[in-house]
2 protein chains.
Amino acid sequence: MAQTSPMRADVAMPTARASATTSFRPIVIHPDGALGDPCAHCDARSVSVCNAIEDDRLPRLAAAAVTATLAPGQGFIAEGDPATHFFNITSGTARLFKLLPDGRRQITGFAGRGHFLGLAVSDTYAFGAEAIGPMTMCRFPRSRMLGLLDEFRALEQRLLETARNELVSAQEQMLLLGRKTARERLSSFLLAQARAGSACGHAAHQIDLPMTRADIADYLGLTIETVSRGFTRLRNDGLIRLDGANSVHIRNIAALEDAAGGV
Amino acid sequence: MAQTSPMRADVAMPTARASATTSFRPIVIHPDGALGDPCAHCDARSVSVCNAIEDDRLPRLAAAAVTATLAPGQGFIAEGDPATHFFNITSGTARLFKLLPDGRRQITGFAGRGHFLGLAVSDTYAFGAEAIGPMTMCRFPRSRMLGLLDEFRALEQRLLETARNELVSAQEQMLLLGRKTARERLSSFLLAQARAGSACGHAAHQIDLPMTRADIADYLGLTIETVSRGFTRLRNDGLIRLDGANSVHIRNIAALEDAAGGV
DNA sequence: ATCGCGGCTTGACGTGGATCAACGCGCGCG
DNA sequence: CGCGCGCGTTGATCCACGTCAAGCCGCGAT
């Protein structure tokens, strides 16, 4: 697939990186809102907004939910589409992104287990979302969800809290995109991934990267080549070790923090 | 004052642009929480979260508020400081920013009349804030504000709404910072300012820029020089007219939208 | 008046990262 | 098995924007 051209608006036919063919296949749905109580055994609940709801009222939540499985690359939110559903990721990782008309892409974030998605301001989605690898999620119709918000004030409070958290990350990312060098961006990214991973119980020095170099590039406002060279240089400088393309080991965390711009 | 060096981490002594001398003079306070009902006559209320509260309960809000006047350049939030207050801007404009240790600055947004500030996630502020010109605001102690949130659910809902709005803007800004050219950034910025201005009742083609070129540069992830050259080129291309440095007239809005990357 | 200063513009030049191109590797598939 | 393809790496070259420098303007202070 053609590499997009971040700095040129006059490229011939710049296709978006996400392959359109695999992007919007029908999603495999498991309509299990009625059976048992899936929410009670959901292993994403502990890290999600759902745990704002007490055990004995979980069935109210479960009744509104539908779970689904997505294949790698499959899209489930299209920017500009009517915002009909809310989503909660139960396993896997999604990329959230915005596109320019000529195909340039900015990934605004990665969403993992427990991440709540689709809280649109207006009635259309402000960004697109695609599964990076195999992914599962549960899904709520907008109207049911709004009803649940009325019913559970704690849920609304959790949502406000997560919105503010995301706002803080977004501001951090603006600093990165506006003012950091390629090396600083990559180092910051690795440190953030390490922190996110260790919060999920991984070893603190071991980083798993489910996304491709193109995803990383579009997240950091760089090109694939610059990301690749950046990894190579960090390795040659002894800051990291590369165990294949998708696994990074931090060898010198102090130096990496230093290379990240030291915040 | 020395221009900061976005692309070099080894600059000798890069001072932050905000002059430290004027930044944290004591703020002029008007302790009027007791007198009359300032909130009822506040001309920022209609555009602020405050209007989520009914007229007859405004005194509850007013009792917690203290108004203050700030001089140009004066800071009122320092990144990393304990988050003791919430702020509501009643006139003027503030810049919100994050700094790197070497002085590089990223302005994450501009806050005008009605903008609500200081909703920190943790107990410290995640960004700094300074008045651009003369500014007035009202201020709430954190504890009182949290009490008000409990009392007025509509206030909390408005806050969630504004947080989501800001998140959408932040994502838009990430797209700008990560993937747009200097010309596109500047055009997008002018269009956004025009929209913000016309929402406040200004003529749709007339843009007032209260901030300096340095502010614009730090907001768009560029340098002063590039911003200045960008303005000059947009003028020479007939898209805008410059009436002094702080006033821009849009001469060809379609072309400007085109130059902005066409979203 | 004139001096200093901060903000803005403009020109000349340097460079970080984009672009273009080639190649290697792993993997699914005919 | 070997072919094609997607992904990652690396090298050569280019260019948009950063850096450095000079000069202008408006304004407030002496």
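The structure displayed is predicted, hence computed values, not measured ones. Naming convention: chains lettered A, B, ... in sequence-line order (proteins, then strands); numbering from 1 in each chain. Keep in mind that the numbers below use all heavy atoms, side chains included, and drop hydrogens, waters and symmetry copies.
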Does the protein touch nucleotides 21-26 of chain C at the base, only the backbone, or not at all? Give it as B, S and - per nucleotide, heavy atoms under 4.0 Å.
------
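- Considering only side-chain atoms of B:R213, the nucleotide from D:dC17, C:dT9, D:dT9 that sits closest is C:dT9.
- Shortest non-hydrogen contact noted between B:L177 and A:G178 is CD2-CA, 4.1 Å.
- Applying the salt bridge (Lys or Arg N to Asp or Glu O under 4.0 Å) rule to A:D43 yields no partners; only residues at least two apart in sequence or on another chain are considered.
- Take B:E257 and apply the salt bridge (Lys or Arg N to Asp or Glu O under 4.0 Å) test, not counting sequence neighbours, and it matches no residue.
- Taking atom CZ on B:F231 and atom P on C:dT10, their separation rounds to 12 Å, with Å as the unit.
- Checked against salt bridge (Lys or Arg N to Asp or Glu O under 4.0 Å), A:R251 has no partners two or more places apart in sequence or in another chain.
- A:D218 has its CG atom 15 Å from the C1' atom of D:dG8, to the nearest Å.
- Listed in residue order, the members of residues 236-249 of chain A having a heavy atom less than 4.0 Å from DNA chain C come to none.
- Under the salt bridge (Lys or Arg N to Asp or Glu O under 4.0 Å) criterion, A:D243 pairs with A:R241, not counting sequence neighbours.
- As judged by a 4.0 angstrom heavy-atom cut-off over every strand, B:G221 is placed among residues touching the sugar-phosphate backbone only.
- Checked against side chain to side chain donor-acceptor pair (under 3.5 Å), A:T232 has no partners two or more places apart in sequence or in another chain.
- The CG-P distance, from A:L186 to C:dG17, rounds to 11 Å in whole Å.
- In this pair, B:F87 and B:Y125 present their aromatic rings tilted. The plane angle is within the 30 to 60° band.
- B:T232 has a side-chain polar atom (N or O) that falls below the 4.0 Å cut-off from OP1 or OP2 of C:dT10.
- In this model, no side-chain donor or acceptor of A:R235 finds a partner on the base of D:dT10 within 3.5 Å.
- For A:D237, the side chain to side chain contact (heavy atoms under 4.5 Å, CB included) criterion is met by A:R183, A:R233, A:L239, not counting sequence neighbours.
- Among the protein residues, A:S228 comes within range of the nucleic acid bases, having at least one heavy atom under 4.0 Å from a base atom.
- In this structure, CZ in B:R185 is found 10.5 Å from CZ in B:R179, a value given to the nearest 0.5 Å.
- Between A:L220 atom CG and C:dG17 atom P there is a gap of 12 Å when expressed in whole angstrom units.
- A:T90 is linked by a side chain to side chain donor-acceptor pair (under 3.5 Å) to A:T136, counting only residues two or more places apart in sequence or in another chain.
- The CG atom of A:L234 sits 16 Å away from the P atom of D:dG8 (whole-angstrom rounding).
- Computed from coordinates, the A:I224 CD1 to D:dC7 P distance equals 9 Å when rounded to whole Å.
- Under 4.0 angstrom from either OP1 or OP2 of C:dG17 there lies no side-chain N or O belonging to A:T223.
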For residues 198-211 of chain B, please give each side-chain donor-acceptor pair under 3.5 Å, one per line with the distance, not counting sequence neighbours.
from, atom 1, to, atom 2, distance (Å)
B:S198, OG, B:A194, O, 3.3
B:S198, OG, B:R195, O, 3.1
B:H205, ND1, B:I250, O, 3.4
B:Q206, OE1, B:H249, ND1, 2.8
B:Q206, NE2, B:S247, OG, 3.1
B:Q206, NE2, B:V248, O, 3.4

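- Regarding B:R233, its CZ atom lies at a distance of 15 Å from the C1' atom of C:dT10, rounded to whole Å.
- In this model, the phosphate group of C:dA18 is approached by a side-chain N or O of A:T226 to a distance below 4.0 Å at OP1 or OP2.
- Here D:dC17 presents its P atom at 14 Å from NZ of B:K180, a figure rounded to the nearest Å.
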Just the atom pairs and distances: protein N or O near nucleotides 24-28 of chain D's N or O, under 3.5 Å.
none

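- The base of C:dG17 lies outside donor-acceptor range of the side chain of A:R183, with no N or O pair under 3.5 Å.
- Evaluation of the ring-ring contact (aromatic ring centres under 6.0 Å, His included) test over residues 206-231 of chain A, restricted to residues two or more places apart or in two chains, returns A:F110-A:Y219, A:F189-A:Y219.
- Between the side chain of A:R229 and the base of D:dG8, no donor-acceptor pair of N or O atoms lies under 3.5 Å.
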